[in-house]
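Convention: sequence-line order gives letters A, B, ...; per-chain numbering from 1.
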Amino acid sequence: MIRKKIAAIIKEAGDRCVQKGIFPPETEIKPIIEIPKELEHGDYSTNLAFSLARSLRQSPEVIAKALIERMDFEDVCTKVDVAAKGFVNFHVRDEVYRSALKDVVKQGVESFLPDVGEGRRVLIEFVSSNPTGPLHVGHGRGAAVGDVLANLLRKAGFDVVTEYYVNDAGRQIETLGRSVYLRWKEIRGENVEYPENFYQGAYIREIAGRMIAEGLPIPEEEPEAVRFMARYAAEVVLVGIQKDLEDFGVRFDNYYHERTLFEEGHVDGAIEILRKAGYLYEQEGALWFKMAEKGDEKDRVIIKSDGEKTYFASDIAYHSQKFARKFDILIDIWGSDHHGYIPRLKASIEALGEDKERLKVILIQFVTLLREGKPVGMSTRAGQFTTLREVMDEVGKDAARFFFLMRKSDAHLEFDLDLAKKTSNENPVYYVQYAHARIESIFRLAREEGIDLAEGSEADVSLLVLPEETELIKGILRFYTVIEGGARSLEPHRLTFYLVELVGSFHSYYNKVRVLKNEVSLTKARLTLLYALQQVIRSGLEIVGVSAPDRM
RNA sequence: GCGCCUGUAGCUCAAUCAGGACAGAGCAACGGACUUCUAAUCCGUAGGUUCCGCGUUCGAGUCGCGGCAGGCGCGCCA
């Protein structure tokens, strides 16, 4: 909110320079405002003078001075100066921060959230793991990123729908059915050869056993039995996945089944559109999509020569449906091993006549679990991958979610299981939660002394004169910048970084400054500051989906 | 072979809307702080050729080109 004021001040000064003929009339005043790293460089700065220097054929310093001379900054800043040969530095009045704090306390932290979305409709599709086995840690990371991004975008004014795409039509489901079928035969005493590419996990046998225990009417003939078991197993696995997700704090608005794409004719419909638009051709009995001319490496098959449609075909139909469902922005969250798929999907969206820029793909890099500093083996082939459930059981939901968001999603993540369980400042989750609990503890004692927080908004915040206090207020206000930046760049991990940093300055303040047992007016002022701080921490943790305990 | 991602302190990572001021944290190391609102905390010290080279620019960790190293992808698989 202060940033906007600074921007207005610069703009005004720039316009005046144009009016007075100091800058040529066509000069565009689009200031980039940043927060300097060095405190001495003020609260905000702009490099506008540098960017104008070339077109104005003037030194940045001269331009900067011309700007400042025509600047009305008194209301917001104590001083504005030129540094380092052209940077314009703004030193904001402490009162401005204090009154911003007052606004936040009075109206609530959330009432100042930036409206980035302006009501635009966003569909976030994530996890979308095939219902052929339990979720592993990689899916967990995707789930955390997707869920937190959804929370973040909602706070930032988007109309968000989350969706899980269930691949229940393809080959893998058939393999699942066959896997169960073989284990079923095995349990009944038959000798079977179990192929390596079948699902290896113990859950396959369990499902087979369960079918027997429940006395289900299993068809006589093998093809029917396989189909029956595929359906049954997919259902069981999906329910398990949903349970895992729920315990992980992730709830989807929608489950979209691939099968419905076929049943409702959307796959044929999409193919028809592409055919009419001239993107398809037949060769060697298969139907091909002309991709090479659309930016992909080569042409791709949509219908195989055996008549079966490829995964790609249903994906085109699915995304076509997403557009048909009137979403402004589509966000897909995939494992980074699918990155080669992006040009293909974007090309097909373009071919369907939609704007491919409206699809944003977020790639999730792999997770390496560490125990005692060593990577934990995760070979899928042996069926001994680490499941999300195991990690959750071991470190808890809060730590798991927080840890998944401690790196930007396209970077490898090392997940230190021992660290996630530690209850010390080394563990960022506890570090943040502890700050929340600590503040609450101060409030409890204050109440015992008869100082009620409800009076907080009447406190005299002008008593908050310590530099640490101004820094804390700045930290609180930065929440809005982080939400805005995170929503714009689709980077939910910024939130965890922010929280750790914010809370760090609180712990430091706590050790240095007494809140209670001062003059009542000063105590109240400081309680007010902590009140706003706690609200921000709680709101931030809520977005991340981590609990904010009152006691630890 | 071609394409995408990554390379920053011993380790794990930052560096804000695609270039800004002296590259910042945490951990580990070392030295300190509990008769005080929760020590699950804090304060201090030390730690760097931002993988290498060239280029663009007033200015490069950031942009371009060329290397080097690692990960991933390039199927009528899903």
Side-chain angles (χ1 to χ4, degrees), chain A residues 32-38 40-41 45-47 50-51 53-54 59-60 83-87 89 130 132 167 170-173 175 197 283-288 296-298 300-312 314-315 335-343 363 365-366 370 373 406-408 410-414 416 419 422-431 433-435 437-446 449 478 481-482 484-486 488-489 491 493-494 497-498 500-501 504 506-518 523 526-527 530 551-552:
Chain A
I32 292 177
I33 297 167
E34 35 193 28
I35 298 174
K37 290 171 210 154
E38 292 291 323
E40 303 147 33
H41 295 147
S45 75
T46 182
N47 62 351
F50 285 98
S51 45
R54 181 181 284 255
S59 82
K85 300 192 183 89
F87 283 100
N89 293 337
N130 294 328
T132 51
N167 290 106
R171 192 58 173 279
Q172 301 160 94
I173 293 297
T175 306
N197 62 342
Q283 188 181 305
E284 292 168 26
L287 191 63
W288 293 73
D296 196 9
E297 293 165 344
K298 50 178 95 165
R300 310 284 176 180
V301 168
I302 289 208
I303 302 178
K304 298 192 270 182
S305 50
D306 65 4
E308 203 178 322
K309 280 152 192 140
T310 61
Y311 182 90
F312 185 36
S314 38
D315 239 13
S336 65
D337 52 338
H338 289 77
H339 69 77
Y341 200 70
I342 298 174
L363 297 176
Q365 269 286 4
F366 293 123
L370 296 180
M406 287 208 306
R407 302 279 174 270
K408 58 179 159 202
D410 59 0
H412 284 271
L413 172 69
E414 294 204 330
D416 188 330
L419 177 61
K422 256 185 210 166
T423 53
S424 77
N425 63 339
E426 293 163 57
N427 185 343
V429 188
Y430 285 93
Y431 192 65
Q433 289 180 319
Y434 185 47
R438 244 185 175 178
I439 294 172
E440 189 58 36
S441 158
I442 295 177
F443 290 165
R444 271 196 301 271
L445 288 167
E449 288 178 26
R478 214 152 47 81
T481 317
V482 172
E484 186 177 351
R488 284 235 155 82
S489 59
E491 291 178 347
H493 72 281
R494 292 187 188 198
F497 280 96
Y498 164 71
V500 169
E501 205 177 306
F506 162 71
H507 284 308
S508 189
Y509 178 72
Y510 179 92
N511 272 275
K512 194 168 176 181
V513 175
R514 294 214 116 241
V515 175
L516 301 177
K517 304 221 164 90
N518 292 306
T523 291
R526 289 186 173 160
L527 285 173
L530 294 195
R551 263 177 228 271
M552 287 174 76

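- Regarding A/Glu491, its CD atom lies at a distance of 16 Å from the P atom of B/rC13, rounded to whole Å.
- Each of A/Tyr434 and A/His338 has a nearest nucleotide on RNA chain B; the 5'-most of these lies closest to A/Tyr434.
- In this structure, CE on A/Met406 lies 6.5 Å from CG on A/Leu419, to the nearest 0.5 angstrom.
- If you check B/rC74, B/rU38, B/rC43 against the side chain of A/Arg300, the one that comes closest is B/rC74.
- With its ring centre under 5.5 Å from that of the base six-membered ring and a plane angle below 30°, A/Phe87 counts as stacked on B/rA21.
- Taking every side-chain heavy atom of A/Phe50 into account, B/rG20 is the closest of B/rC37, B/rC43, B/rG20.
- One interatomic measurement links the two molecules: CD of A/Glu34 to P of B/rU62, which rounds to 17 Å at whole-angstrom precision.
- When each of B/rC37, B/rC42, B/rG73 is scored by its nearest atom to the side-chain atoms of A/Asp337, the top-ranked nucleotide is B/rG73.
- Remark: side-chain polar atoms of A/Arg526 are not paired, donor with acceptor, to backbone N or O of A/Leu516 under 3.5 angstrom.
- Note: A/Asp337 CG to A/Phe366 CZ = 4.0 Å, rounded to the nearest 0.5 Å.
- For A/Ser336 and B/rG71, the shortest distance from a side-chain N or O to OP1 or OP2 is not below 4.0 Å.
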I'd like to compare against my own output: the B/S/- annotation of nucleotides 3-11 of chain B with a strict under-4.0 Å heavy-atom distance to protein. BBS------
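- Pair assignment for B/rU56: none, as no Watson-Crick or G-U wobble contacts are both less than 3.5 Å.
- The side chain of A/Val301 lies closest to B/rC76 when the candidates are B/rU38, B/rC76, B/rC17.
- The nucleotide B/rG44 finds its pairing partner in B/rC30, both defining distances of the Watson-Crick or G-U wobble pair being shorter than 3.5 Å.
- The pairing partner recorded for B/rC37 is none, the criterion being a Watson-Crick or G-U wobble arrangement whose two distances lie under 3.5 angstrom.
- Following rounding to the nearest Å, A/Asn518 (CG) and B/rU36 (C1') show an atom-to-atom distance of 12 Å.
- Across the C1' atoms, B/rA60 and B/rC51 are found 16 Å apart, a figure rounded to whole Å.
- Going from the C1' atom of B/rG75 to that of B/rC13 covers 37 Å, rounded to whole Å.
- For A/Arg494, counting side-chain heavy atoms from C-beta on, the closest listed nucleotide (B/rC76, B/rA21, B/rU16) is B/rU16.
- Remark: side-chain polar atoms of A/Thr310 are paired, donor with acceptor, to backbone N or O of A/Val301 under 3.5 angstrom.
- Checking B/rC76, B/rC42, B/rA40 against the side-chain heavy atoms of A/His507 singles out B/rC42 as nearest.
- In this structure, the nucleotide among B/rC42, B/rC76, B/rA14 sitting nearest to the side chain of A/Phe497 is B/rA14.
- Considering only side-chain N and O atoms, A/Tyr431 lies under 4.0 angstrom from the phosphate OP1 or OP2 of B/rC42.
- OP1 or OP2 of B/rU38 lies within a sub-4.0 Å distance of a side-chain N or O belonging to A/Ser441.
- Distances shown here put every side-chain N or O of A/Lys309 at or beyond 4.0 Å from the OP1 or OP2 atom of B/rC76.
- Minimum atom distance to the side chain of A/Glu284 is reached by B/rC76, of the listed B/rC42, B/rC76, B/rC37.
- In this structure B/rG1 sits in a base pair with B/rC74, meeting the Watson-Crick or G-U test at under 3.5 Å.
- Nearest to the side-chain atoms of A/Arg407 among the listed nucleotides B/rC77, B/rC37, B/rU12 stands B/rU12.
- Here the side chains of A/Tyr510 and A/Ile442 are in contact, with some heavy-atom distance below 4.5 Å.
- B/rC37 and B/rA21 have their C1' atoms separated by 40 Å, with the value rounded to a whole Å.
- For B/rU50, there is no paired base (Watson-Crick or G-U wobble, both distances below 3.5 Å).
- A salt bridge is absent between A/Glu414 and A/Arg407: the closest approach of a Lys/Arg side-chain nitrogen to an acidic carboxylate oxygen does not fall below 4.0 angstrom.
- Between A/Tyr341 and A/Phe312, the ring planes are perpendicular. Angles over 60° get that label, and only those under 30° would be called parallel.
- Comparing B/rA39, B/rC74, B/rC42 by their closest approach to the side chain of A/Lys298 singles out B/rC74.
- Using a 4.0 Å cut-off, no side-chain N or O of A/Tyr311 falls inside it from OP1 or OP2 of B/rG75.
- Proximity of A/Arg438 to the phosphate of B/rU38: no side-chain N or O atom is located under 4.0 Å from OP1 or OP2.
- With RNA chain B read from its 5' end, the first of the two nearest nucleotides for A/Tyr430 and A/Ile35 is the one closest to A/Ile35.
- Base pairing of B/rA23: no nucleotide in any strand meets the Watson-Crick or G-U wobble criterion (both distances under 3.5 Å).
- Side-chain contact of A/Ser489 with A/Arg494: a donor-acceptor pair under 3.5 Å is present, judged by distance alone.
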